[in-house]
Amino acid sequence: MRLYLINPSNPLVSIVKVKESRWNRYRVWKPLSLMVLAGLTPPEWDISIVDENLGVPDYPAMSRPDLVGITAFTSQANRAYEVADHFRRLGVPVVMGGIHATMCVDEVLERVDSVVTREADGIWPQVLEDARQGRLKRRYDAGFAEMADVPPARHDLLSRGYAFGAIQTTRGCPLNCSFCSVTAFNGAHYRQRPIPDVVREFQSIREKRVLVVDDNLIGTRSEHIARAKDLFRAMAQANLRKEWIAQATINFADDEELLALAAKAGCSGVFIGFESPSPEGLRGYGGKFNLLKERDMRASVRRIQRHGILVAGSFIIGLDVDEPGIGNRIAEAARQFGVDNLNVLFLTPLPGTRLWDQMKSQRRIPLDTFPQDWKYYTLTYPVARYSHLSLDGIIEEMTSCNEIFYSVPCIFRRVFSSFWHRRKPWISLAGNLSYRGNLRRAAEAYANFRRQWGNRNNFATES
Ligand code: B12
Ligand code: SF4
């Protein structure tokens with residue numbers, strides 16, 4: 001039995017087109033979902049994982065599979081349907097799962113043979129058995145997985161063309177920010193994989209650098225942090241010789257022992273969502289506001305960096321408080337906080353989130369011809385109507401923010417500072433050049449977007 005597991009590309013995500021810039025090698029990540037599904041697949045299946053981000057294969061030239069499984073974030077849904085259509089025309093059954101299939105079940109059911117919602121770990125072997133016997137159900141509701149049932153991902157099945165391996169150690173987030181899909185998809189209960197499973201899986205990863213995909217590696221409560229420390233101790237003891245990066249909230253900075261253990265276990269960088277130059281901007285968007293308010297961000301960032309860990313800061317542009325000048329304010333805040341990299345995203349109503357419900361009820365989602373318009377839901381296009389910023393205005397704010405932060409003198413200062421403080425200057429340089437290299441491509445993408453959508457009246461703001 002032959003199984004293809006496919007990660008569709010989004011042709012609009014120029015920012016991750018790997019072949020256009022060698023620095024993008026550092027920004028294309030392995031589709032871990034498919035590697036986990038492969039880990040759950042019985043040996044009688046011959047598995048191929050296709051990641052279209054590395055290049056779209058010549059499907060007609062490939063052997064006919066018995067089953068196709070497709071994963072998709074919302075931004076990949078369009079392409080997912082094209083791929084599904086190709087295989088269904090050949091009479092090959094297609095199963096789709098992942099976040100978009102869970103949030104937009106009815107849309108997906110119209111375009112594939114079977115949909116698996118939520119975390120497939122507990123149900124995938126049954127789906128395969130049903131497919132083998134030719135009695136696939138239209139829909140499987142998988143629910144939340146037991147973390148002890150999460151198998152080691154099949155790291156051996158993907159090419160060596162990636163700069164980073166990938167691993168997951170926890171799922172779920174109690175903070176439930178209104179713009180984020182994580183609580184809606186993985187639940188509010190923070191679930192942790194058994195530490196020996198994580199360490200064993202780390203040992204099976206070939207790449208020297210690894211992305212820990214957890215949404216918040218350290219969690220929110222003291223017992224979560226205690227578990228993170230135990231994990232780091234076990235990783236250090238296993239002498240993994242890996243450098244890894246992860247996502248965490250800013251309270252990562254509050255525990256010196258945690259930071260020291262993370263560094264000892266190989267942590268080289270952390271993504272932190274600051275979201276707004278002033279935490280007040282986040283009031284009303286969910287639990288993260290409480291973590292950010294009344295905090296000295298610069299001191300927090302410095303505490304992390306003192307352990308040799310780089311800090312990438314993420315911000316959102318288009319919050320209801322954001323007015324003209326927000327681009328400069330974000331660049332200035334990022335400089336003041338002292339982050340090594342800056343990633344700014346447009347506030348985007350993702351299906352299944354509270355922000356989606358709110359914006360939809362306020363008629364603030366002009367790009368709503370679905371499924372075609374999903375391709376713009378990459379957080380790198382302004383798909384909504386923003387309270388105080390027009391379409392042109394918000395694009396200009398994004399552009400000026402990135403141009404300031406990624407100007408040559410600013411990059412030089414940051415890289416020099418990480419060199420001086422012995423904080424992985426080469427990683428800092430690669431990250432900064434990767435972003436800077438994409439500024440021109442982003443400008444072209446925005447120009448095309450404006451040409452196409454700039455005249456749509458429903459993009460007009462109310463104030
Ligand atoms: C790692 C990650 C990335 C990596 C992607 C690596 C990759 N190629 O997969 C990178 C950094 C590239 C990335 C990019 C983006 N991401 Co992202 N990312 C994540 C993150 C943190 C973890 C995903 C992961 O690997 N999980 C581990 C695996 C094991 O879990 P899983 O993917 O959920 O898979 C399980 C189930 O979903 C299901 N399943 C999944 N696929 C399939 C397929 C079949 C056939 C079946 C049966 C089951 C099934 O079974 C799996 C096992 O239980 C999630 C947050 C999250 N918690 O999901 C956000 C998340 C998926 N990303 C998100 C977004 C918005 C993006 C971007 C659009 C914007 C951005 N800049 O962040 C871009 C997408 C660009 C594009 N290509 O279009 C949103 C997606 C929301 C949505 N509705 O689409 C999430 C949920 C974060 C959020 N804050 O809301 N991301
Ligand atoms: S803290 Fe992060 S992962 Fe959790 S809900 Fe908020 S944005 Fe999502």
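In each ligand, atom 1 is the first atom listed, and ligand 1 is the first ligand listed. No hydrogens, no waters, no symmetry mates; every other heavy atom, side chains included, goes into these values.
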Hits for ring pair (Phe, Tyr, Trp, His ring centres under 6.0 Å) against His155, two or more places apart or cross-chain, chain-then-number order -> none

For atom 7 (C) of ligand 1, state which one of Lys30, Gln76, Lys375 supplies the nearest heavy atom. Lys30

Numbering as shown, the atoms of ligand 1 that approach Trp124 to under 4.0 Å (heavy-atom distance): 47 (C)

Near Thr74 (heavy-atom distance under 4.0 Å), the atoms of ligand 1 are 82 (C), 83 (N), 84 (O)

On a heavy-atom basis, the closest approach of Ala262 and Ile309 is CB-CD1, 4.5 Å

Have a look around atom 8 (Fe) of ligand 2 and list protein N/O/S atoms under 2.8 Å, or say none. Cys180 SG

Considering only heavy atoms of Asp215, which atoms of ligand 1 have at least one such atom less than 4.0 Å away? 21 (C), 55 (C), 56 (C), 57 (N)

Record the part of Val36 in heavy-atom contact with ligand 1 below 4.0 Å; permitted values are side chain, backbone, both and neither. side chain

Flag the pair Glu207 and Lys242 as a salt bridge only when some basic side-chain nitrogen lies within less than 4.0 angstrom of an acidic carboxylate oxygen. no

If the contact criterion is a heavy-atom separation under 4.0 Å, does Arg118 count as touching ligand 1? yes

Ignoring hydrogens and geometry, is there a side-chain-to-backbone donor-acceptor pair from His86 to Val83 under 3.5 Å? no

For Asn186, atoms of ligand 1 separated by under 4.0 Å from a heavy atom: 56 (C), 57 (N), 58 (O)

Any ion pair linking Asp320 and Arg364 (charged N to carboxylate O, less than 4.0 Å)? yes

Answer side chain, backbone, both or neither: which part of Glu119 comes under 4.0 Å from ligand 1, heavy atoms only. both

Where ligand 1 meets Ile99 - atom numbers and elements under 4.0 angstrom, heavy-atom basis: 82 (C), 83 (N), 84 (O), 86 (C)

Considering only heavy atoms, which of Trp356, Phe73, Trp29, Phe144 lies nearest to atom 13 (C) of ligand 1? Phe73

Is a side-chain N or O of Trp244 found less than 3.5 angstrom from the main chain of Lys208, in a donor-acceptor match? no

Within 4.0 Å of some non-hydrogen atom of Val116, the atoms of ligand 1 are 47 (C)

Please determine, by modelled atom types, if Asn186 and Glu119 share a side-chain donor-acceptor pair under 3.5 angstrom. yes

For the ring-ring contact (aromatic ring centres under 6.0 Å, His included) test, which of Tyr381, Phe346, Tyr446 pairs with Tyr376? Tyr381

Note: heavy atom closest to atom 53 (O) of ligand 1, options Asp121, Ile167, Leu128, Val182, belongs to Asp121

Polar side chain donor-acceptor pair, Arg227 to Thr169, under 3.5 angstrom: yes

Ion pair Lys360/Asp357, N-O distance below 4.0 Å: no

N or O pair under 3.5 Å between Ser181 and ligand 1: yes

Distance-only donor-acceptor hits, side chain of residues 141-149, under 3.5 Å, sequence neighbours excluded:
{"residue": "Asp141", "atom": "OD1", "partner": "Thr117", "partner atom": "OG1", "Å": "2.6"}
{"residue": "Asp141", "atom": "OD1", "partner": "Arg139", "partner atom": "NE", "Å": "3.1"}
{"residue": "Asp141", "atom": "OD1", "partner": "Arg139", "partner atom": "NH2", "Å": "3.1"}

Just which atoms of ligand 1 are under 4.0 Å from any heavy atom in Val95? 45 (C)

What do you reckon, does Val213 have a nitrogen or oxygen under 3.5 Å from a nitrogen or oxygen of ligand 1? no

Before accepting this row, confirm whether a basic side-chain N of the pair Arg441/Glu444 lies closer than 4.0 Å to the acidic partner's carboxylate O. no

Qualifying side chain to side chain donor-acceptor pair (under 3.5 Å) pairs with a residue from residues 103-113, counting only residues at least two apart or across chains: Tyr81-Glu107, Arg88-Asp113, His100-Glu107, Glu107-Trp374

Heavy-atom distances under 4.0 Å are what count here, so tell me which part of Thr348 touches ligand 1: side chain, backbone, both or neither. neither

Atoms of ligand 1 under 4.0 Å from any heavy atom of Gln247, numbered from 1 in the order shown, are 21 (C)

Picking from Asp296, Asp255, Asp254, what satisfies salt bridge (Lys or Arg N to Asp or Glu O under 4.0 Å) with Arg303? Asp254

Would you call Met103 a ligand 1 contact, heavy-atom distance under 4.0 Å? no

Take every heavy atom of Ala145, measure it against each atom of ligand 1, and state whether any distance is under 4.0 Å. no

Checking Thr71 against Asn7: is there a side-chain donor and acceptor pair closer than 3.5 Å? no

